[in-house]
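One structure is given here, and the rest of the page talks about it.
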Amino acid sequence: MRGRYEAFCLADRLFFDRPVDGPGRAWSLRPLGAGWRSRAMGEWLVLTHEASVLPQQGWKVHISATPANAELVLGKTYEYCRTRSLPFKHLRSPSLLLARNAKYAPRAASGKLITLYPPDDDRLAEVLEELSEVLHGEPGPYILSDLRYGSGPLYVRYGAFVQRWTDDGLPAIATPDGTLVPDVRKPAFTVPDWVDVPPCLRPHLAARASDTAFPYRIDRALHYSNGGGVYLSTPFVIKEARPHAGLDHDLTDAVTRLDREHDMLTRLAGVPGIPAVHGRFSVWEHQYLAVEHRSGIPLGSWMGINYPLGHRASQVERDAYTARAVAIGDQVEAAIAAMHDRGVVWGDLHGNNILVDDSDTVSLLDFELAFMTTEASRPALGASGFRAPNDRHGTEIDLYALAALRLWLFFPLTAVLELEPGKLHQYLTTIEREFLLPAGYVGRIRSVLRPRVPVADAHTELDGAAPNWDVVGKSIAEAILASATPERADRLFPGDLEQFTTAAATFAHGAAGVIYALDVTGHGRHHEAWLLEAIHRDRPVRPGFATGAHGIAHVLAHLGHHDTARGLIDQARSPVNGCGLADGLAGIALTLLDAAGKWAPPQWLDEAVTLAERLGSAACTRAGLMHGWTGPALLYLRLYGRTGERRWLTLADQAIARDLEACVTAADGSTQVREGNRLLPYLESGSAGIAVVLSELARLMPDAGSVVHLPGLLRACRPEFVVHPGLHQGRAGLLAALTLAGHSGLATDHRARLAWHAVPFPRGGTAFPGNQLLRLSMDLATGGAGVLLALAPTPALPFLTEHPNTKE
């Protein structure tokens with residue numbers, strides 16, 4: 001996940017943006033000539049000839065390349081397709097090729113530079129035979145989702161030629177009877193059950209299936225990246241490197257980094273806490289390194305279990321944590337000093353590269369970025385919040401990361417310092433107030449992390465003992481409006497990268513939600529024309545509230561554009577099987593119910609009831625308000641308000657009980673949603689969303705069986721520290737939940753602590769970092785618009801207040 005976000009950091013220092021919009025020259029290609037049409041499709045340029053007629057799906061050819069030979073490979077393929085009127089598409093710039101082949105880019109699509117669309121199997125065989133001669137010997141990363149033709153760089157996969165979607169919004173292909181099913185795109189070659197492999201591919205499929213002996217027994221995979229996997233083979237860990245894959249910003253591939261790690265670990269043999277090398281070997285075309293397996297959990301996970309500000313810990317617990325965290329930092333410092341004595345700079349110190357065992361003994365992992373102190377080098381990769389500034393060199397790089405680690409152990413918001421270095425003083429003051437730290441601890445951190453070019457301390461309207469919350473709201477709105485880019489068609493307000501994968505106009509991550517937040521909080525109506533133009537330019541037909549047409553329609557109706565809103569909903573009638581408020585039946589039905597008799601026909605109430613009755617057979621894959629059974633519970637409450645039928649209250653109780661099955665009691669007595677190995681207290685997927693709806697059910701039906709869990713759910717809404725500030729998965733959502741549940745007094749701390757994330761926006765006002773704390777966000781789900789809603793007296797989300805016609 002984090003790697004996906006980092007790919008969208010390349011284009012802009014402040015905001016997530018498409019890699020295609022970043023710096024980098026375009027390809028040097030001459031026009032194709034008469035009869036050819038081109039159109040941009042995200043990061044691709046699609047080129048079709050008027051004489052070509054393509055099926056909707058079939059065997060397509062992918063061509064991979066490295067940054068060094070990409071222009072040559074593209075030029076030869078370009079000329080080949082031009083002379084044969086063969087439709088194709090290619091990445092729009094060299095920077096995009098690097099982004100798609102970076103270490104944490106999605107593995108299945110890695111390495112693809114060009115896609116060709118042969119119309120049938122005969123043409124497929126012809127294209128492969130001819131292009132294999134044209135491109136013979138050209139290197140490129142292996143495309144994991146495909147079958148390689150010969151020795152590359154040609155790869156083949158059966159899939160969609162045109163965009164089609166399943167009911168669940170997944171890319172689709174059709175079975176022989178016309179049913180749309182997911183077009184599976186995994187990092188492994190697969191063929192749909194009804195498709196025969198053409199004769200021209202069978203020898204290459206047989207070659208792929210030939211067994212290659214592997215000298216270790218793999219117990220399980222620990223981690224995957226685009227550069228390769230990491231596997232447990234007790235008592236060893238096996239690291240894999242794929243040639244030409246997993247590039248960093250210096251274009252270094254995974255194999256080169258594996259060579260470096262082997263060299264550095266060999267030099268560091270015997271240093272306490274550093275695993276010993278066991279072997280270096282190759283299998284097929286991949287390279288491997290076997291090292292000693294060290295026990296323990298990543299330091300980030302250790303903090304998730306022990307960090308006292310994650311709950312309301314006693315002073316005794318805080319003091320015990322302080323002693324342990326300081327000792328862990330001291331162990332890391334001793335290991336760093338030993339490395340430097342041997343002339344090695346680690347270059348990749350961060351919380352997930354440190355293991356902590358049951359006795360709090362640390363081990364240090366991952367030396368692929370390490371280098372000798374005699375080298376004039378800097379790591380081209382690095383973890384946000386631990387990366388040293390460009391004015392640090394050699395051993396200073398490790399010393400900076402070590403100081404960041406010492407701060408992070410007590411206040412894990414160091415990533416925000418990359419966005420705003422002026423927050424350092426506030427963070428150091430905070431840990432001095434919250435923890436009894438050893439003498440000189442904070443001073444050592446300050447002396448290293450303080451920018452060498454002085455910067456002013458960062459102040460926003462949230463700082464101070466008694467902020468004026470009206471002024472705070474105006475400041476947040478000022479930043480949102482200053483960030484707007486109405487000249488762009490693909491984005492109005494910068495936000496989470498999801499706006500580029502759903503639609504730029506949606507409620508959760510797009511323009512509709514921000515425009516709604518500004519209006520209902522009293523900061524005016526802005527950019528309506530952009531929203532109207534956007535839906536006419538790219539008509540949203542995907543149903544759903546947070547990520548589809550229904551949320552956009554709700555906002556348009558709120559602004560008085562009733563006919564346009566009705567038209568959107570009428571065109572978004574694709575079947576939906578999910579249950580949630582975000583993109584499932586609950587959100588759709590709530591939109592219809594709210595609209596019925598107001599700006600839409602009264603019979604939409606009947607449609608809402610029909611959808612509500614379908615929910616019994618719907619699927620919820622996660623718990624909580626947005627994706628779980630709490631969304632249907634909210635719908636049932638609203639139906640009770642419209643009809644007075646108590647059966648809806650019973651159904652609401654039953655729905656919440658289903659989400660409560662996914663909850664556990666945490667060590668502090670709170671009730672939280674368990675999702676994998678995480679406990680979630682949030683509004684979108686977690687305790688807070690359940691608490692909001694259950695609080696209303698408790699007022700209407702005090703004897704409901706699920707009401708007994710309400711105190712534990714509300715307790716989960718009160719952690720002192722929250723990683724993100726946003727509405728859906730952060731502090732603003734907890735603030736909103738406590739307020740909506742009638743506990744506004746408990747929300748006071750959350751209001752004050754939003755200052756920890758608030759940063760001055762360069763163009764005026766106050767802004768907040770979005771998901772992963774890597775870039776600022778203005779959207780409703782993750783950024784400033786959601787914070788604005790949480791601070792306002794209005795409900796933080798539509799439908800979260802009782803309907804005006806509620807019958808008691």
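Each residue takes its place number in the sequence, starting with 1.
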R542 (side chain) donor-acceptor with A549 (main chain) under 3.5 angstrom: no
Test item: W530 side-chain N/O and R488 main-chain N/O as donor-acceptor pair under 3.5 Å: yes
Between T179 and T175 (side chain of the first, backbone of the second, donor and acceptor by atom type, cut-off under 3.5 Å), is there such a pair? no
Taking D490 first and then R18, would you say they form a salt bridge - that is, a charged N and a carboxylate O separated by under 4.0 Å? yes
Does W44 form a side chain to side chain contact (heavy atoms under 4.5 Å, CB included) with R92? I'd like the steps, not just the answer. CA-CA 5 Å; W44 297 95; R92 292 165 58 184; 5.5 Å; no
For the pair W604 and W599, name the ring-plane relationship: parallel under 30°, tilted 30 to 60°, perpendicular over 60°. perpendicular
Are H728 and Y682 close enough that their ring centers fall under 6.0 Å? no
Looking only at non-hydrogen atoms, find the nearest pair between A618 and C579 and report the distance. CB-CB, 3.9 Å
Criterion side-chain hydrogen bond (donor to acceptor under 3.5 Å, both in side chains) against R157, the qualifying member of D183, T115, T190: D183
Quick one, V555 and F507 - any side-chain contact, counting heavy atoms below 4.5 Å? yes
N/O donor-acceptor pairs under 3.5 Å from side chains in residues 731-739, not counting sequence neighbours:
| residue | atom | partner | partner atom | Å |
| --- | --- | --- | --- | --- |
| R731 | NH1 | H750 | ND1 | 2.9 |
| R731 | NH2 | E720 | O | 2.8 |
| T739 | OG1 | L735 | O | 2.9 |

Does the distance from a Lys or Arg side-chain N to an Asp or Glu carboxylate O, for E43 and K112, drop under 4.0 Å? no
Gap separating the CH2 atom of W194 from the OH atom of Y158, nearest 0.5 angstrom: 6.5 Å
Can you confirm whether more than 12 heavy atoms, excluding those of R678, are under 6.0 Å from its CZ atom? no
D653 side chain to G705 backbone, donor-acceptor under 3.5 Å: yes
Side-chain polar contacts of residues 777-792 - donor-acceptor pairs under 3.5 angstrom, sequence neighbours left out - could you list them?
| residue | atom | partner | partner atom | Å |
| --- | --- | --- | --- | --- |
| S777 | OG | D779 | N | 3.3 |
| S777 | OG | D779 | OD1 | 3.4 |
| S777 | OG | T782 | OG1 | 2.8 |
| D779 | OD1 | A781 | N | 3.3 |
| D779 | OD1 | T782 | N | 2.7 |
| D779 | OD1 | T782 | OG1 | 2.8 |
| D779 | OD1 | G783 | N | 3.2 |
| D779 | OD2 | D496 | N | 2.9 |
| D779 | OD2 | H509 | ND1 | 3.2 |
| D779 | OD2 | T782 | OG1 | 3.2 |

K60 side chain to G159 backbone, donor-acceptor under 3.5 Å: no
Can you find a heavy atom in the side chain of H743 that is under 4.5 Å from one in the side chain of L714? yes
Can you list the steps and then say if I588 with F545 is a side chain to side chain contact (heavy atoms under 4.5 Å, CB included)? CA-CA 6 Å; I588 295 169; F545 186 81; over 6 Å; no
From CA spacing to verdict: side chain to side chain contact (heavy atoms under 4.5 Å, CB included), L697, L710: CA-CA 10 Å; L697 177 64; L710 184 56; over 6 Å; no
Would you say the side-chain atoms of Q57 pair up with the backbone N or O of A174, donor to acceptor, closer than 3.5 Å? yes
Search all heavy atoms of H757 against all heavy atoms of V722 and return the closest pair with its distance. CE1-O, 3.3 Å
For L492 against A511, the heavy-atom pair lying closest together: CD2-CB, 3.7 Å
Got L635 and L615 here, is their nearest side-chain heavy-atom distance under 4.5 Å? yes
Spacing of R537 atom CZ and L532 atom CG [to the nearest 0.5 Å]: 11.0 Å
Taking the side chain as everything from C-beta on, heavy atoms only, tell me whether M41 gets closer than 4.5 Å to Q163. yes
Is any side-chain heavy atom of Q56 closer than 4.5 Å to a side-chain heavy atom of F161? no
How close do A172 and L180 get, heavy atom to heavy atom, and via which atoms? CB-CB, 4.0 Å
For the aromatic rings, using the six-membered ring if either is Trp, is the centroid distance between F493 and H527 under 6.0 Å? yes
Lys/Arg N to Asp/Glu carboxylate O, R566 vs D570, below 4.0 Å: no
Would you indicate whether the side-chain heavy atoms of F799 and V693 approach each other to under 4.5 Å? no
About how many Å separate OG1 of T766 and CD of E478, when rounded to the nearest 0.5 Å? 8.0 Å
Under 3.5 Å, is there a donor on one side chain and an acceptor on the other for H561 and E528? yes
What's the separation between atom CG in L800 and atom CG in L625, rounded to the nearest 0.5 Å? 6.0 Å
Closest approach of Y5 to F16 (non-hydrogen atoms, all atoms of both residues): CD2-CZ, 3.4 Å
With heavy-atom distances below 4.5 Å as the criterion, would you say the side chains of L54 and V162 are in contact? no
Can you list the steps and then say if L531 with L556 is a side chain to side chain contact (heavy atoms under 4.5 Å, CB included)? CA-CA 9 Å; L531 182 59; L556 288 172; 3.7 Å; yes
Between R185 and S145, do the side chains contain a donor N or O and an acceptor N or O under 3.5 Å apart? no
Does the pair E661/R674 count as a salt bridge with the N-to-O cut at 4.0 Å? no
Would you say that I515 contacts L559 through its side chain, given a criterion of any heavy-atom pair below 4.5 Å between the two side chains? yes
Judged by atom type as modelled, is there a donor-acceptor pair below 3.5 Å linking the side chain of H550 to the main-chain atoms of G544? yes
Which distance, rounded to the nearest 0.5 Å, do you find between the NE2 of H536 and the OG1 of T564? 5.0 Å
Does S687 use its side chain to pair, donor to acceptor, with the backbone of A716 at less than 3.5 Å? no
Could you verify whether a donor N or O on one side chain and an acceptor N or O on the other, from E645 and Y640, lie under 3.5 Å apart? no
Do N771 and H724 have side-chain N/O donor and acceptor atoms under 3.5 Å apart? no
Can you name the residues that form a salt bridge (Lys or Arg N to Asp or Glu O under 4.0 Å) with R491, not counting sequence neighbours? D17
Is it true that a side-chain atom of D583 and a backbone atom of A546 form a donor plus acceptor pair closer than 3.5 Å? no
Interatomic distance, OG1@T630 vs CD1@I690, rounded to 0.5 Å, equals 4.0 Å
Going by atom types only, do S670 and Q672 share a side-chain donor-acceptor pair under 3.5 Å? yes
Please confirm whether F15 and F8 have ring centers closer than 6.0 angstrom. no
For residues P725 and L773, report the shortest heavy-atom separation together with the two atoms involved. CD-CD2, 4.3 Å
So, the side chain of H523 versus the backbone of A517: is there a donor-acceptor pair under 3.5 Å, distance only? no
